[in-house]
Amino acid sequence: MRGTLGDGLNSAQRTAVTTLSGPLLVLAGAGTGKTRVITFRIAELIRGGTKPNRILAVTFTNKAAREMKERTSQLLGRKKKGEAGPEVSTFHSLCVRVLRRHARTLGYPEHFSIYDRGDQESLARSALRDVRVGHEKLRPSDLLHKVSGWKSQGITAKEAEGLVSKDTDLLAVMAYGRYEALLRASGAMDFDDLLLNTERLFREHPEARFAEESRFDHLLIDEYQDTNGLQYQIVKALASRHRNLCVVGDDDQSIYGFRGAEVEHILHFKSDWPDAKVVRLEDNYRCTEWIIHLANNLIAHNKARHDKVLRAARGRGVAPRFLAFEDEESEADAIAAEIHGKINRQDDERIPASHIAILFRTNEQPRAFEQALRRAGIPYVLVGGQSFFDRKEIKDLLSYLRVLANPLDEVSLLRIINTPARGIGTSSIEALLKKAVEEGAPLMKVLPDAPKIASVSQPAANAIGEFLALLDEFRARSRRELLSQWFPEFLARVNYKAEIERQYKDPSEQETRWNTVEQLLNSIVTYENRSESPSLIGFVEETTLMSQGDDDDDDKRREHSVTLMTLHSAKGLEFPEVYLVGMEEGILPHKRSVIEQISHGSSAIDEERRLAYVGVTRAQNVLTLSYAKGRMKWGKLRNQLPSRFLLEMRGQTDKSQEIAQLAVEQLSREIERAEAKAETEPKGKGKGKKSASPRKKSGDEGPSDAPVQAVRRKKFDSNGQKVPSVTARPAPPPVPPPAPPKAASSESAAVSPPSPVAPPSAVSPAIPSAPLAPGATPEIAPPVAPPAPPIASAVPAAPVTPPAAAAPPIMPPAAAPPATPPAAAAPPATPPAAPSVAPPTAPSVAPPAAAAPPATPPAAAAPPIISAPAPAVERPAPAPSHPRRPDPPRFVQVSLFGDLEPPRK
DNA sequence: AGTACGAATTGTATT
DNA sequence: AATTCGTACT
Ligand SMILES: Nc1ncnc2c1ncn2[C@@H]1O[C@H](COP(=O)(O)OP(=O)(O)OP(=O)(O)O)[C@@H](O)[C@H]1O
């Protein structure tokens, strides 16, 4: 099937693939083959005689880049050995390559460091300290968010000054300036700088731009809807000479607005490139008709969008399922059990684990799933999230490497100077920093002078001497030898193992920690084998630019594992079976988006909807959406509402609006409570000694930010229309000496795992949190039953054939036969095996399952939907009378919303 | 001076 | 949960 081009392309696709010059836009919905167009087009260019290395394709993730490389080489058959393929990379790695070539031009060291989120936070903290802004006023993460916003619009600190008025913003601007200075002094760039500096390079240094734009004759960009202003400029700069620019994207899948992406770039492509050819694709080849139906229903709720047709090229398929669970553990356990069944079947319905993905919104969600999957013995790969490279050990060691490569790198230097503890305490470090500031020299430069500084103790000075000797020795070796050759010895010399043993008392924890160090060595070796010209800097760079689950090792593991990832990372991918979990108000329309929308009137929720749309359209055959009615948060059980998006997909618009309304009310109540609490105990911050004490502290709170207040203003507008006038802000003295870094003070382990509190186990049979529920709820329930009278009655009661296949393996012996297709056809009210099985095992299981039918007879399906709008439910979970018993995937009853209206036609 | 421990606080998404 | 701060110990 590789032979002729045109195999596997419809006519619109073929048009795009064979338009080989000039600007070209493919604007089309999910799964219509946009990425395929890019791949085929690259192949076609090469067949037509274009040299592969004259083609640059830009993707959004490293994973996507690898995939594209692979697919093109498949299309082209074996490529001649030694011949370079097309260049496929992400914007960020492209920029790094450009910048390494021109770093000096911009005044950076050639081996500039790249700061990831963690490094940025350290720096932001220093910056805030330097401008004397307490972190109650502005947290490092808030600062970074603002700074990133400015940077991705190309706004400098100086320019920003004229643009802001709120005084927290002014503080932020000052901190921004300081932050930039610190970055510069460290010879480091953050992620935004990679783009910003590239753009600047092209703008201010025509010769550099010329050199770079001359490297390629064709430029192709995937996911163009998610480019930000800088990326847009970079694209323009690179394409304006040859004009062979092909961009592909879908405005409905624009999900990176939070980091400055603007859909306008794709929507206005035609005006930027008036001679552009525009191709639209309308046939979705990925999903079943059912899935497309839901996706279309959903996305239609977004007002501002480029309307497009999206129709399924495939058959109807099975009806997606909507499941409700008592809490996140039940959700995870039940899904794990179901997956276990699917991947362990012996008949031909068996599904490989790699065909299954669990998708979620936030990074805290996978925890329950990881546990459940592990208990069930299901192999999985968690993509993204807390990266391997984010672990403390790894960061420590990488910091050594970075300092070896770039001695200016202050964040890394401060991290390692006393790690392992070698007797260089905070006061010594402070003195050194002070001296560095006085001399305007980098910290590293003043270290040799340590003995001459009075406030540096003798032992500390000696320790510094040894530290420097160590660095010198290995810096020299790093010039001659491969990293893998000297790294083991380096570990020994640093005595990092002893550090781990000192820090962690628990032997098993010591072992895991040390294991991660060994894994680091592995990944060094892997890198050196793969890379054409391995280098210290190259390795460090890769670790910062690639997140976990993004290297080829993970690709391999994924071949036999279930994939867990966020919706954001799932963009562009597809899986035969998808579980979209945690579909709840507050999570999928994320709380913050709701707040932002009602306070700033933005369209933050639309972006959440797009996220849901992306999620739904990842599924090829089977889609399961689930939510938990309650969720543990900060040790308290919190009731959750089902996501409005679930209802929108189902065509129950009125229901979804009610939910939206409830969600807002709930949020308002929460905010109100938080404020009340904040005002009752303002004494908390009794640190009176702060010289710059802002006297505005009294009466009504400070000036600041917090969306919280904004909401309050909107919603309870009553009296409070005090416009936060810009009072005299505490002018921070210019450049006070940088604050001392915190000595590595890590605490020990030994915290016994707080046994996950048992869910409301025996409590509340049918989870009628009745007392608190505002009257509204009950009435809302009934109408939920969809406009499908015929089956309607049957459905509510009918718990979906519970994870049919799920149980077999572990629970009943001969339960194999189930497999009742998930279609709505299932026999009514047969709370299957569940009850009978559950009781003995887990107490927490029984109630929902068994209780449901009796307690809430007819409308059984409905209540769960709105059961718990009350905000203040937080009942402390019952005592840990829960036998810690992880083994059997607990089997939990699920319920339906009601009937689903099938795709028309 | 340096380190260890406990308490308190707060948590979108990603290159 | 992870970090940071305050406090007490070596
Ligand atoms: N003409 C075609 N015939 C058969 N299958 C196709 C055709 N075009 C695309 N496909 C298949 O449809 C699926 C989706 O394709 P692709 O990933 O390129 O879509 P996309 O538009 O990039 O999707 P998304 O917007 O979700 O990233 C892939 O499995 C692809 O192989």
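Below, chain A is the first sequence line, B the second, and so on; all start at residue 1.
- Between Arg631(A) and Glu584(A) there is a salt bridge, since at least one side-chain N of the basic residue sits less than 4.0 Å from a carboxylate O of the acidic one.
- In this entry the distance linking CD of Glu223(A) with C1' of dT15(B) reads 14 Å, nearest Å.
- Here Ser427(A) reaches the OP1 or OP2 of dG2(B): one of its side-chain N or O atoms lies under 4.0 Å away.
- Of the N and O atoms on the side chains of Ser603(A) and Asp606(A), not one donor lies less than 3.5 Å from an acceptor on the other residue.
- Heavy-atom nearest nucleotides on DNA chain B were determined for Ser428(A) and for Glu607(A), and the one closer to the 5' end corresponds to Ser428(A).
- Atoms CD (Glu364(A)) and P (dA2(C)) sit 13 Å apart, rounded to a whole Å.
- At the heavy-atom level, Phe60(A) lies under 4.0 Å from the strands shown only through sugar-phosphate atoms.
- For Thr90(A), the listed nucleotide lying nearest its side chain is dT15(B); candidates were dG2(B), dT3(B), dT15(B).
- A donor-acceptor pair shorter than 3.5 Å cannot be found between the side chains of Tyr115(A) and Asp193(A).
- With sequence neighbours left out, Phe60(A) forms a ring pair (Phe, Tyr, Trp, His ring centres under 6.0 Å) with Tyr256(A).
- Within 4.0 Å of Arg610(A), counting heavy atoms only, lies no atom of the nucleic acid at all.
- When the side-chain nitrogen and oxygen atoms of Arg125(A) are compared with OP1 and OP2 of dT4(C), one or more of them lie within a distance under 4.0 Å.
- Not one side-chain nitrogen or oxygen of Asn228(A) sits closer than 4.0 Å to the OP1 or OP2 atom of dT15(B).
- At a threshold of 4.5 Å between non-hydrogen side-chain atoms, the residues Leu545(A) and Val96(A) count as touching.
- As a whole-Å value, the separation of Arg391(A) CZ from dT3(C) P is 14 Å.
- Residue Asn418(A) has no polar side-chain atom (N or O) positioned under 4.0 Å from OP1 or OP2 of dG2(B).
- Side-chain atoms of Arg139(A) lie closest to dG11(B) of the nucleotides dT15(B), dT14(B), dG11(B).
- Applying the side chain to side chain contact (heavy atoms under 4.5 Å, CB included) test to Ala663(A) and every residue at least two apart in sequence or in another chain returns Glu585(A), Leu641(A), Arg644(A).
- Atom CD of Gln365(A) is separated from atom P of dA1(C) by 15 Å (rounded to the nearest Å).
- Residue Lys151(A) contributes atom NZ, which lies 20 Å from atom P of dT14(B) at whole-angstrom precision.
- Proximity note for Arg367(A) (side chain, C-beta onward) versus dT14(B), dA1(C), dT3(B): the nearest is dA1(C).
- Contact annotation for Ser141(A): no contact, since no heavy-atom pair falls under 4.0 Å across all strands.
- Rounding to whole angstrom units, CD1 of residue Ile429(A) and P of dG2(B) are separated by 8 Å.
- Atom-to-atom, CG of Asp119(A) to C1' of dT15(B) comes out at 14 Å; the value is rounded to the nearest Å.
- dA13(B) has its base stacked against the ring of Phe258(A), the centroids being under 5.5 angstrom apart at an interplanar angle below 30°.
- A sub-4.0 Å separation between OP1 or OP2 of dG11(B) and a side-chain N or O of Thr362(A) is absent.
- Nearer the 5' end of DNA chain B, as judged by each residue's closest nucleotide, is the contact made by Ser457(A), out of Ser457(A) and Ser593(A).
- Going from atom OH of Tyr115(A) over to atom C1' of dT15(B) covers 18 Å, rounded to whole Å.
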